[in-house]
Structure formats: C-alpha cells, structure tokens
Amino acid sequence: MRALPRRHPFRPEMMLPTLLVLLAMLLLGAWRDASAAGTYYVRTDGGDEKQCNGRADAAYPGSGSDVDCAWKHPYYALPTNDRPRIDGGDTLIIGPGDYMIGWGAPGLSENSTRCDRSATYDCYPAAPPSGPDPAHKTRILGQGFDSGCKAPPKLWGTERVELVFNLQDSDNVEVGCLEITDRSDCVEFHTDSDLRCERDSFPYGNWASIGIGAKRSRNVWLHDLNIHGLSGRGVMAGGLTDWTIERVRIIANGWAGWDGDVGEGESSNEGDIIFRNVEIAWNGCAERWQTGEPIGCWAQEEGGYGDGLGTGKTNGHWVVEDSRIHHNTSDGLDLLYMDESRTGTTVVRRVYAAANAGNQIKTAGNALIENSVVIGQCAYFHKKFNMTDGDMCRAYGNALSIGVGRKHTATVRHNTITGEGDCLILTAGGDASSRIDIQNNALVGQPDLTSGDKGEMSCGHYADESKAVVTFSGNAFWNVKDDQCPPGNLCRRDPKLKGMDMADFDAVPLEGSPLIDHASQLTEVTSDYLKHARPVGAAADIGAIEVQGARAAAPAAGAVDSGSEPQKTTGSDAGAASKGAPAAEQSSAMTIGAIVIASLLAGGVAAVARKQRSRSAA
C-alpha cells in the first residue's frame with residue numbers, strides 16, 4: 001500500500017504572503033473600477049438616446065442607432081425620471097452652445113412622475129449620481145474647462161422650471177465651466193406688475209426660479225460658473241458638507257444671490273464651506289436678459305429679499321476670500337445666523353464689500369475679518385433702479401455687524417472701513433467670557449444718513465447691549481461721531497487716502513499718510529489686501545493696503561459704467577473696478593433717516609416673510 005502523503009502542521013505565518021497578495025489584488029481591482037469611469041459628451045449636433053450612446057465627442061452621422069456619438073442635450077444624461085444614464089464617477093462634457101432647460105426641451109423623460117404640462121416647474125434635470133468618494137467625483141463640465149473656460153455652454157431655464165441645475169442629495173460632484181440663466185426680465189412675485197413673472201397659466205414664459213438647488217450634499221466643487229438673471233435665487237443650497245466654490249459669479253438674481261435657507265431643520269451646514277474668487281452682486285434686481293442691465297431693484301420693504309449671501313441657522317467653517325460682494329439690495333455677506341451653540345467659524349479675508357443696501361458684512365460666533373476693503377455706501381440705490389428709500393441702510397446701515405456668544409472670539413484687523421450708516425463697526429451679544437479685538441484698521445467716517453437732519457457722522461464703534469470685552473489697538477479713527485478714539489490708537493489725523501468721499505472711496509494711502517508704518521506689529525499677518533508683502537518699512541501700515549510702490553488701486557463703490565454687467569475678477573484682481581451702474585447721487589439724509597426708522601419697525605415681519613414665498617405652488 002502506498003503511504004499517504006505526510007501532512008505538515010498548520011502555521012498561520014505561512015499564510016501571510018498569500019493574504020498580502022490577495023489584498024493587493026483587491027486594492028488593484030478597486031483602483032481599476034474607479035479609474036474605469038466613463039466620459040460622455042453632449043453637443044448641439046448630437047443625437048437622442050437611441051441614436052447615440054454619448055461616448056464620443058462627435059456629431060450624429062444621420063443614421064444608425066447606438067452610435068459612438070454625443071447626445072444633443074444634457075437631459076439625455078440626466079433625464080427627468082431621475083434615472084441618470086451616467087454612473088457615479090463618470091464625466092459629462094457639454095459642448096458649446098445654448099441648451100434650454102424645462103418643458104419643451106429635447107430629452108425630457110416620457111415616464112417622469114414629476115414632469116408634465118401641469119407641473120412644468122418640476123421639469124428640472126436629475127441630480128448627478130454621487131461619485132464613489134471625494135477623490136473620484138462625478139464631473140459635469142463645459143467644454144474648455146481645462147483651457148480657461150472662454151466660451152462656457154449656456155443652460156437657460158424656461159416655463160417656470162424650479163431648478164436649472166439639480167444637486168439634491170448628490171455627493172462627490174464637480175460642476176464647472178457653465179453659464180446658468182434664463183431668457184426673461186421677470187422676477188417671481190415682484191410687486192411691479194410689469195416685472196412679475198407669469199405663474200397662473202401656461203405658457204409661463206422663458207423664466208426659471210433657481211440656478212442651482214441643493215440639499216443634503218457633500219464634497220462638491222463648483223468652479224468657473226456664471227449664474228445670473230434668475231427670477232428667484234442664483235443658488236439655493238443648504239444642508240451642505242464640505243463645499244468649495246471658486247471663480248463663480250452670482251449676479252442680478254431677482255430675490256437673492258446665494259440663499260442657504262432651504263427649510264427649518266434642513267439648512268445647517270457642516271465641514272468647510274469655502275468661497276474663493278467669487279463675485280456676488282446686483283442681487284435683488286431683475287436683469288435685462290439681452291443686455292445685463294439691472295432693473296426693478298427691490299428688497300424687504302417691498303416684499304423681496306436682496307441678500308448677496310445669506311443662510312438659515314448654520315454650523316460649519318466658512319471661509320470667504322479674494323472675493324467681491326457689492327451692490328446687493330440688502331446685506332452683502334450675511335453670516336449672522338451661525339449657530340452659537342456649535343463650533344462654527346467664519347473667516348473673511350481680502351474681500352471687497354461695497355454699496356450693499358444693508359450691512360456689508362455680518363458675522364456671528366468665532367470670526368476673523370482681515371485685509372478687506374469695506375465701503376458702507378448703503379444709500380447707493382437712492383433714486384436708482386426703482387429702489388424704494390425704505391430699503392436703503394437697512395439695520396441702520398452699519399458697515400460691519402459682529403455678533404458673539406459666550407466664550408467666542410472675533411478679530412477685526414487690517415481692514416479699511418468707511419460708511420454712511422450709523423456706525424462703521426457694530427458689536428453685539430456675548431458676556432465677560434467673549435472677546436472682540438479690533439486691530440490696525442483704518443476707520444473713516446462719513447455723514448450718517450440714518451440720523452436724519454442731525455448732521456451727525458457715523459460712529460467708529462458701538463456695542464449694542466453687549467458685555468463682551470472689546471479691545472482696540474493700532475487703529476486710525478478719522479471723522480467719526482464725537483471724535484471717538486480709544487487710547488493706543490491714531491486719533492484725528494487725516495489718513496490721506498487716494499479717495500475719501502463716499503462715491504469714489506479709494507483705500508490706497510497717499511505719500512505722507514499717517515497710516516504708513518504705524519500699525520501695531522502682528523507677525524501672523526504677512527500680506528495685504530492685494531497679497532503683497534506686509535510689513536514693508538519700519539512697521540506694517542494701518543488698514544487693508546501695505547504701501548510698496550506702484551500697484552492697482554482698490555475700486556470706488558460707484559466708479560462704474562451704466563448699463564452693463566460687472567466684469568469677472570479673479571485672484572489679486574479682486575480689487576479691480578467692475579462695470580455696472582453709476583455712482584449714487586447725493587442722498588437725502590432726512591428722507592432716508594426717517595424711512596430707516598419705519599423700516600426697522602416692520603423688519604421683523606419682513607424677515608419672516610422674505611423666504612417663505614412658495615416657488616412651486618400652482
């Protein structure tokens with residue numbers, strides 16, 4: 001009988017090489033799955049879903065089915081039955097041209113449960129499927145996204161569609177190089193019947209309510225977008241986690257630019273919410289869709305809204321930098337609804353905020369505002385664009401409004417701030433554990449238009465029923481109410497800026513300015529508003545700009561041309577002048593002052609009503 005093979009004893013360590021090989025194979029397979037994501041194409045000369053499979057950047061040849069060619073409309077990739085034809089991690093490239101979004105556009109699903117002629121507002125595209133992870137995003141991009149985005153494709157909404165682009169419940173998504181708009185001058189629910197959108201009977205017209213809508217969405221990158229002229233909001237997005245917005249313009253949307261109030265209990269954000277190189281302007285105004293001219297501007301007194309960027313109650317770590325927020329019909333940047341019971345923070349850095357009709361910048365909780373130019377020309381819209389005086393200098397038009405809670409710290413440093421409202425800096429809230437440090441700012445007062453005929457100047461700082469500890473060091477106070485100037489600051493010395501009047505304010509110090517080399521040393525601030533080195537010379541300069549030879553000047557709030565859209569600005573050009581509407585005429589202090597008081601009394605009602613108007617009710 002043949003002997004049985006000898007059995008060796010089991011030794012676990014002998015299995016280790018095998019396990020490592022298996023693990024490597026699994027990881028390699030996962031990498032291959034992620035790297036195998038497909039690329040699909042849309043172009044105006046493409047075909048439908050039967051003619052083309054979307055897998056080639058080619059026109060439909062005129063015959064055949066399932067041909068390797070592009071679809072002719074984004075709906076074929078993202079149909080209204082909410083079953084996308086692309087998978088998570090895929091890329092969709094949209095070619096040049098115009099693409100109508102809404103009822104009547106090619107590619108609408110015939111079996112959609114939400115889109116039909118009786119519900120045209122629901123005929124928005126499906127949301128892109130979520131990418132598998134943050135490193136492998138689903139990408140929706142205009143052609144040219146990788147070469148400067150010089151001619152982005154245009155998605156334009158029609159027949160009162162609720163959203164032009166849908167990001168509801170989409171995670172790990174990139175959207176870039178698109179223009180998002182409509183083809184109507186109307187504003188939803190506007191009090192002017194000539195501007196009010198048709199909502200009661202079909203056809204409704206070539207208007208759309210919201211450019212981009214999002215809820216419950218994580219790890220999204222928006223870049224190189226031009227969102228303008230919508231009848232409601234440019235962006236309505238809340239419940240976000242880790243979003244980055246870069247090189248995006250949100251211009252002349254009839255209700256608001258970026259509205260983060262998407263519903264009670266759904267609006268709070270988490271993680272890093274970053275705005276970089278954005279422009280948010282002229283929101284609260286209708287837009288002539290063929291020319292870009294702002295018209296019919298309105299805000300809360302007339303039943304509208306008008307914030308450039310506002311949120312519901314929110315958490316998160318917000319960063320807004322290298323950006324321009326100007327000529328909105330209410331507040332410019334409104335982050336006053338940060339949840340003080342949470343760990344959220346706000347950083348505003350190298351921001352130009354000017355000529356917004358309410359407050360220019362509002363924060364709450366832990367905050368840092370630095371190297372920014374803040375021009376509180378809150379009465380800019382006086383006698384312009386049909387704006388009522390009751391909507392100017394809302395909340396007394398304070399340039400900065402800083403709220404703190406218990407154990408919070410806010411720092412305001414190296415800014416140049418002027419304004420024609422009640423005060424340049426208002427602080428509120430907090431207790432003895434709260435701290436507000438105001439350092440190295442150039443504070444330039446103007447006649448206070450909210451004081452009526454009293455002839456007062458705007459105050460430098462006012463603490464509104466606040467017990468927070470406020471410190472001042474290295475600031476320059478000029479032309480402020482009652483010559484306010486705490487010890488340790490530069491008092492009653494003309495700062496000699498390039499432009500000192502409200503309508504042509506220019507933050508660049510001239511030769512011989514006392515701001516030069518007189519700041520308190522802050523070693524952590526190593527650059528200025530224009531990203532130039534700080535300090536230069538014996539010490540840093542007070543204010544936003546460090547003098548160091550010839551450079552571009554910070555713009556005046558009204559130094560712009562009439563009848564055209566503001567130009568796109570990026571990077572260190574964030575201080576360049578933009579085109580828009582002309583500078584304000586001399587405002588009537590008595591009229592605006594009296595109306596401000598009345599509008600404050602009605603403000604609580606207006607604040608509740610402004611976000612509650614139905615957008616999709618039949």
Side-chain angles (χ1 to χ4, degrees), residues 326 330-332 352-363 369 372-382 389 391-403 412 415-428 436 438 441-464 466 470 472 475-486 489-497 499-507 515 542-544 554 556-558 583-584 586-597 599-600:
H326 60 95
S330 190
D331 298 325
Y352 171 78
N356 301 291
N359 306 130
Q360 307 306 307
I361 297 173
K362 299 166 91 169
T363 66
I369 302 173
S372 294
V373 176
V374 182
I375 305 173
Q377 192 181 8
C378 57
Y380 170 84
F381 286 95
H382 181 57
D389 280 351
D391 275 322
M392 277 172 261
C393 298
R394 177 180 170 273
Y396 288 107
N398 301 295
L400 291 186
S401 179
I402 311 296
V412 181
N415 304 287
T416 300
I417 305 170
T418 192
E420 60 190 3
D422 186 37
C423 291
L424 304 182
I425 302 175
L426 174 77
T427 58
I436 302 168
I438 300 175
N441 302 283
L443 303 172
V444 181
Q446 304 284 348
D448 175 10
L449 299 185
T450 69
S451 67
D453 60 349
K454 296 180 181 179
E456 295 179 347
M457 304 299 290
S458 53
C459 79
H461 166 259
Y462 178 72
D464 184 14
S466 174
V470 182
F472 298 85
N475 304 284
F477 286 81
W478 172 251
N479 254 4
V480 295
K481 182 178 180 180
D482 298 331
D483 284 334
Q484 178 188 22
C485 190
N489 296 274
L490 187 68
C491 303
R492 292 176 291 280
R493 291 187 62 186
D494 185 344
K496 296 183 180 179
L497 300 179
M500 297 282 284
D501 294 334
M502 191 75 271
D504 61 355
F505 190 83
D506 191 322
L515 304 183
I542 297 172
Q586 183 62 41
S587 304
S588 168
M590 184 181 297
T591 300
I592 293 176
I595 295 176
V596 164
I597 302 298
S599 68
L600 284 170

Interatomic spacing from [atom1] in [X] to [atom2] in [Y] - rounded to 0.5 Å:
| X | Y | atom1 | atom2 | result |
| --- | --- | --- | --- | --- |
| Cys459 | Asp482 | SG | CG | 9.0 Å |
| Cys485 | Leu490 | SG | CG | 7.0 Å |
| Ser451 | Tyr396 | OG | OH | 11.0 Å |
| Ile402 | Ile361 | CD1 | CD1 | 7.5 Å |
| Ile438 | Thr427 | CD1 | OG1 | 6.5 Å |

Side-chain contact test, heavy atoms from C-beta onward, threshold under 4.5 Å: evaluate it for [X] versus [Y] and give yes or no.
| X | Y | result |
| --- | --- | --- |
| Pro495 | Trp478 | yes |
| Ser458 | Lys481 | no |
| Asp464 | Ser466 | no |

Check whether any side-chain N or O of [X] sits under 3.5 Å from a backbone N or O of [Y] as a donor-acceptor pair, and report yes or no.
| X | Y | value |
| --- | --- | --- |
| Asp448 | Thr450 | yes |
| Ser401 | Leu426 | no |
| Glu420 | Leu449 | no |
| Asn415 | Ser372 | yes |
| Asn398 | Cys423 | yes |
| Asn356 | Ala353 | no |
| Asn475 | Asn441 | yes |

Review point. Looking at residues at least two apart in the chain, or sitting in another chain, which of them share a side-chain hydrogen bond (donor to acceptor under 3.5 Å, both in side chains) with Asp422?
Key: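 side-chain hydrogen bond (donor to acceptor under 3.5 Å, both in side chains) list for Asp422, sorted by chain: empty.
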Task: side-chain contact (heavy atoms from CB on, under 4.5 Å) assessment of Leu400 paired with Gln360 - done: CA-CA 6 Å; Leu400 291 186; Gln360 307 306 307; 5.5 Å; no
Side chain to side chain contact (heavy atoms under 4.5 Å, CB included) involving [X] - partner list, sequence neighbours excluded:
| X | answer |
| --- | --- |
| Ser330 | Gln300, Asp307, Arg394 |
| Asp483 | Arg492 |
| Thr418 | Ile375, Val444, Gln446, Met502, Phe505 |
| Asp501 | Asp504 |

Please find the pair of heavy atoms, one from [X] and one from [Y], that lie closest to each other, and give the distance.
| X | Y | answer |
| --- | --- | --- |
| Phe381 | Ala357 | CD1-CB, 4.2 Å |
| Gly445 | Leu424 | N-CD1, 4.2 Å |
| Cys378 | Gly397 | SG-CA, 4.0 Å |
| Ala399 | Ile417 | CB-CG2, 3.9 Å |
| Ala476 | Leu515 | CB-CD2, 3.5 Å |
| Val480 | Gly460 | CB-N, 3.8 Å |

**Report entry** All ring-ring contact (aromatic ring centres under 6.0 Å, His included) counterparts of Tyr462, not counting sequence neighbours
**Finding:**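 By the ring-ring contact (aromatic ring centres under 6.0 Å, His included) rule, Tyr462 matches no residue at all.
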_Verdict with supporting geometry, Ile369 and Thr363, side-chain contact (heavy atoms from CB on, under 4.5 Å)_ = CA-CA 9 Å; Ile369 302 173; Thr363 66; 4.1 Å; yes
Inset, instruction - For residues Phe472 and His461, establish whether the separation of their ring centroids is below 6.0 Å. - result: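 They qualify: ring centres under 6.0 Å apart.
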